[in-house]
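Input: a single structure, listed below in structure tokens.
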Amino acid sequence: MSLHVQKVFALADANSFYASCETVFNPKLTKFPVVVLSNGDGCVVARNQKAKDVGIKMGEPAFLIKDLIKKHKVVALSSNYALYADMSNRFMAVLSSYTPQIEVYSVDESFLYLNGHIGEWNSLSEMGTTVKKHVDMWTGLPICVGFSQTKTLAKLANHIAKKNAQFKGVCDLVSMDPIQVKEIFGKLDVSDVWGIGRKLSDHLRSMNINNVQDLKQSSPKSIRQKFGVVMERTIEELNGVSCLEISEIAPPRKQIISSKSFGQKVSTRFELEQSLTEYVTTASEKLRGQKSVCGAMQIFIMTDKHREDEPQYYNHFNVNLPEPTNDVRTLTKVALWALKRIYLEGYQYKKSGVVLMDLREEGKEQFSLFDTKLTDEDSPKIMQALDAINGRFGRGTLKLGSSMGENRYKMVFQKKTPCYTTEWLEIPAIK
DNA sequence: TCTGGGGTCCTAGGACCC
DNA sequence: TCTGGGGTCCTAGGACCC
């Protein structure tokens, strides 16, 4: 007998992913509470069940839990992202053998889309259990699997499987008795729903929407008015109406960030230059990796905002590049030039970073028609020409931009997609 | 000095996710 | 002394156009 399902999403998610990866390679860790610390050992980014049990919270600064670490013999490890990436790939490879329609949502979780008949399984639970065993055999990672008709519900099912031992890591909301579903949803906090974070759950609670069942039963229309379209979709999804599709192919990034806190505070421009050079290299590698070029770049520098006793300074500088590029030398040059504009002596800098923006596919660059100073008399003529061209070839074919404070205009023409022009901005005066 | 309506583009900020 | 590093989407509002 084979099971027929209309439209089912599964969410497979590794438990305490980073901590579990470490444990696979050092099984002795099983006996101890384990936490994995962020880059520079700043704060906790993963913890195993034992560490959760002794009260260590996600994202907590390492220095705040020193006592807990000592008291409970917690093993604190520096993160090893290369290892986690490798384990992630193996995990996803196993999942891919169950359906071609898989969306790798993050390093430790994937959505699977199951449509029509799903092979030799008698139930989704049976399938989930098989997947779990299979992943364990090939990677050693413990996982949980949730099934339901929408992505939001599958997420919730996974959450239920994780929190309730009696499910043994697999929760199928599709075949669950509706009365039981209602009972469980009534006990789950509204903030357990995917997309409902702290602020929104506070707001919902003030409206007496406290648990998942409350949210599920609230009116999508009135919720939309107060909270917008995103939460409206969440409610639809909670009621089994699928609004979010699987995206099998990861779309190229729309922005690429590379930034880091310094282990030790730095104050000289030279040190900031060194860090930014490194970040530009990292970010532009990613950029070339997805075959994109960037049209704009931002750099930022900041002092330690946690130190209220020290003078604070934050500034960033946006540069719209004259030509879109992914060339590391060009980008480095621009970054260092921009740094000169915002760097101030006499501050203890804690963090810096680079953001590549306005990303587009390589080979779809734009062509500048001219880049010159225009008089006020030219302007109406230009506008006329602009309208004529756009009227004939379609809106957005040609755009006009100007830079502030100067009579300098640039017209940009692009073959395929609309774009905007380059613009050089003066940053506000520094206090 | 006060005055309109509709549309687009762009930015900043706020919320969320892992 | 020591507090992560990535990302996404939506919305409101301003500038500017006709």
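On a predicted model such as this, the values are computed, not experimentally measured, just so you know. Convention: sequence-line order gives letters A, B, ...; per-chain numbering from 1.
- Counting any heavy atom pair closer than 4.0 Å across all strands shown, A:E60 reaches no nucleic acid atom.
- Side-chain contact annotation: A:Q312 with A:T303, donor-acceptor N/O pair under 3.5 Å present.
- With hydrogens and angles left out, the side-chain atoms of A:Y84 and A:E22 include a donor and acceptor closer than 3.5 Å.
- With salt bridges taken as basic N to acidic carboxylate O contacts below 4.0 Å, none links A:K151 and A:E245.
- Backbone-only engagement by A:V229 is indicated by non-hydrogen atom pairs under 4.0 Å involving sugar-phosphate atoms exclusively.
- Straight-line distance from the NZ atom of A:K226 to the P atom of C:dA12: 15 Å, rounded to whole Å.
- Distance CD (A:Q348) to P (C:dT1): 13 Å, rounded to an integer number of Å.
- Listed candidates were C:dT3, C:dG5, B:dC18. Nearest to the side chain of A:F63 is C:dT3.
- Residue A:R307 has a polar side-chain atom (N or O) positioned under 4.0 Å from OP1 or OP2 of C:dC2.
- OP1 and OP2 of B:dC17 both lie 4.0 Å or more from every side-chain N or O belonging to A:K155.
- Note on A:K66: a base of the nucleic acid sits closer than 4.0 angstrom, heavy atoms only.
- Checking B:dC18 for Watson-Crick or G-U wobble geometry (two distances, each under 3.5 Å) identifies C:dG5 as its partner.
- Residue-level contact check: A:S79 touches neither bases nor backbone, having no heavy atom under 4.0 Å from any strand.
- Atom CZ in A:F300 sits about 16 Å away from atom C1' in B:dG13, given to the nearest Å.
- No contact: A:L37 has no heavy atom under 4.0 Å from any strand.
- Counting all heavy atoms, side chain and backbone alike, A:C43 lies closest to A:G59 at CB-O, 3.7 Å.
- With C:dG4, C:dT8, B:dC16 as the candidates, the nucleotide lying closest to the side chain of A:V45 is C:dG4.
- Of the candidate nucleotides C:dC2, C:dT3, C:dT8, C:dT8 has the atom lying nearest to any side-chain atom of A:Q255.
- Rounding to whole angstrom units, OH of residue A:Y279 and C1' of C:dG5 are separated by 11 Å.
- Under the 3.5 Å distance criterion, with hydrogens and angles disregarded, a donor-acceptor pair is assigned to the side chains of A:D53 and A:Q49.
- Between the CZ atom of A:F17 and the P atom of C:dG6 there is a distance of 18 Å, given to the nearest Å.
- Taking only side-chain atoms of A:K254, from C-beta outward, the nucleotide of C:dT3, C:dT8, C:dG7 with the closest atom is C:dT8.
- To the nearest angstrom, C1' of C:dT3 lies 16 Å from CD of A:Q264.
- A:K265 has a side-chain polar atom (N or O) that falls below the 4.0 Å cut-off from OP1 or OP2 of C:dC2.
- The distance between the ring centers of A:F91 and A:F17 does not fall below 6.0 angstrom.
- Across all strands shown, A:D108 has heavy atoms under 4.0 Å from sugar-phosphate atoms exclusively, and none from any base.
- Between A:W194 and A:Y105, the ring planes are perpendicular. Angles over 60° get that label, and only those under 30° would be called parallel.
- Nucleotide C:dG4 holds its P atom 15 Å from the CD1 atom of A:I257, rounded to whole Å.
- Here the nucleotide nearest the side chain of A:K350, chosen from C:dT3, B:dA15, C:dG5, is C:dT3.
- Among the nucleotides C:dC10, C:dG6, C:dT3, the one closest to the side chain of A:C43 is C:dT3.
- In this structure, A:L64 reaches neither bases nor backbone, as no heavy-atom distance under 4.0 Å exists between it and the strands shown.
- Position along DNA chain C of the nearest nucleotide to A:P252 versus A:Y18 favours A:Y18 as the more 5'-ward residue.
- For A:S261, counting side-chain heavy atoms from C-beta on, the closest listed nucleotide (B:dC18, C:dG5, C:dT8) is C:dG5.
- Of the candidates B:dA15, C:dT8, C:dG5, the closest approach to any side-chain atom of A:K199 belongs to B:dA15.
- C:dG4 and B:dC17 have their C1' atoms separated by 15 Å, with the value rounded to a whole Å.
- Rounded to whole Å, atom C1' of C:dT1 lies 14 Å from atom CG of A:D41.
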